[in-house]
Amino acid sequence: MNSRIVIKVGSLAITDETGGVSPSKVQALVTELQSLKALGVVPILVSSGAINSGRGFIQRPEEKKMMISFQQASAAVGQPLLMKAYIDALSASGAHCAQILVTHEDFKDRKRFLNIRNTINRLLANDVLPIVNENDTVSFAEITVGDNDQLAVMITEATDSEKLVLLTEADGLFNKNPKELDAQRFDEVDFKDDFSGVRFAAKTSVGRGGMDTKLKAVRKLTPLGVDVIIGTFLVESPITRLLERRGGTLFKGNPEKQTSRRKCWLSTIVKNDAWVVVDDGCVKALSDKNTSLLPIGIKKVHGLFRRGDVIQVKNKNKTVAIGISEFDYREMELIKGKKSLDISELIEHAPSKVAIHKDNLLLKTDFR
Ligand code: GLU
């Protein structure tokens, strides 16, 4: 049987360190993706590299606040150059690829989410390679996916893929910086493992992710029953090598697969950098009485989020639940610690009296 696998490549796997697409790296990747078909693998590619491919064409600003438009413009130049390299690489065999550009908003809106899924299904049925990236040109702080490790998580869930392969420089997870001589690689990690005792190596200067964002990706998918493999792209046929378990780290998915589509959707679109901190009484009410999250129990608001985003609920530095926020981060800041009855005085046309409705809340025990 054919098995769908999402493969995510970081910027340096397909572009040069100094900027610009590397046609030879893209060709090698495409040739390998095509050869995977013989192994019964149906690949879906999440490709970074737009910003790095285009940045040489846009003058780098001196001011920090101009960096966003620099990156947006670089991506606008780089994304078509990247696709051209993929198209050229596929053309020798007469194969085709498709470009899918998305932001976080497209996943939280159920209709758009289903459209992404239907489009990818149709492409695969026509033997076209889907290539997904964030739409960096239109995305900004409040709507960005953030990094492509997270994007790959959402694509894996949306497409019912059975595995996610994250290609990076390091050959998997090590107990310390892999450049240190006595660093040891973990070959296989159980889905319950909390990765304590692991020190992360610094991320590369190109691209947004690092080992930290990769492990966040692992934590979201493995509880649902999806395997994640992290390994290096710096070898011949890196994907085949990882699928044949000749290196990298395999993070085993929960043998009991999560079957609720809604739970899978909520727990993969949750924002990494958005949460509220709640008091102990609130945690007790959520877990014992199955209540909604009320503003009175909220002590702190962190990160940028919009109404309808899935955010984390934390207590003592631990995520105790996730859920769809009824308010944006500015409104949440205004109502935190307040009684539900006071909300209408603080926010005009307040959409709700609760911060997260119980129907839209998943306790940690529900998704792990
Ligand atoms: N979307 C960005 C790009 O294509 C990369 C994001 C990431 O590296 O995680 O350049």
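Atoms within a ligand are numbered from 1 in the order they appear, just like the ligands themselves. Reckoned from all heavy atoms, side chains included, excluding hydrogens, waters and symmetry mates. Every value quoted in this text rests on a predicted model; they were computed, and no experiment measured them. We number each residue from 1, following the sequence as shown.
Looking at Asn133 against ligand 1, only its side chain comes within 4.0 Å, counting heavy atoms. The side chain of Asp136, and not its backbone, has at least one atom closer than 4.0 Å to an atom of ligand 1 (non-hydrogen atoms only; side chain from C-beta on).
Annotation: Lys37, atom NZ; neighbour count of heavy atoms from other residues, nucleotides and ligands within 6.0 Å is above 12.
The side-chain contact (heavy atoms from CB on, under 4.5 Å) with Leu221 is formed by just one residue from the set Asn254, Val226, Asp227; it is Val226.
Looking at Gly146 next to ligand 1, no N or O pair under 3.5 Å apart turns up. For ligand 1, the polar-atom distance check against Glu134 finds no nitrogen or oxygen pair separated by under 3.5 Å.
Salt-bridge annotation for Asp212 and Lys216: present, with a side-chain N of the basic residue lying under 4.0 Å from a carboxylate O of the acidic one.
Using a 4.0 Å heavy-atom cutoff, Gly49 is listed among the residues neighbouring ligand 1.
Ligand 1 places these atoms under 4.0 Å from at least one heavy atom of Asp147: 9 (O). Residue contact check: Ser48 has heavy atoms under 4.0 Å from atoms 4 (O), 5 (C), 7 (C), 8 (O) of ligand 1.
For Arg330, the side chain to side chain contact (heavy atoms under 4.5 Å, CB included) partners are Glu142, Asp328, not counting sequence neighbours. Here Ala75 pairs with Ala50, Ile51, Asp136, Thr137 under the side chain to side chain contact (heavy atoms under 4.5 Å, CB included) rule; sequence neighbours left out.
Using bins of under 30°, 30° to 60° and over 60° for the plane-to-plane angle, the ring pair His302/Trp275 lands in the parallel bin.
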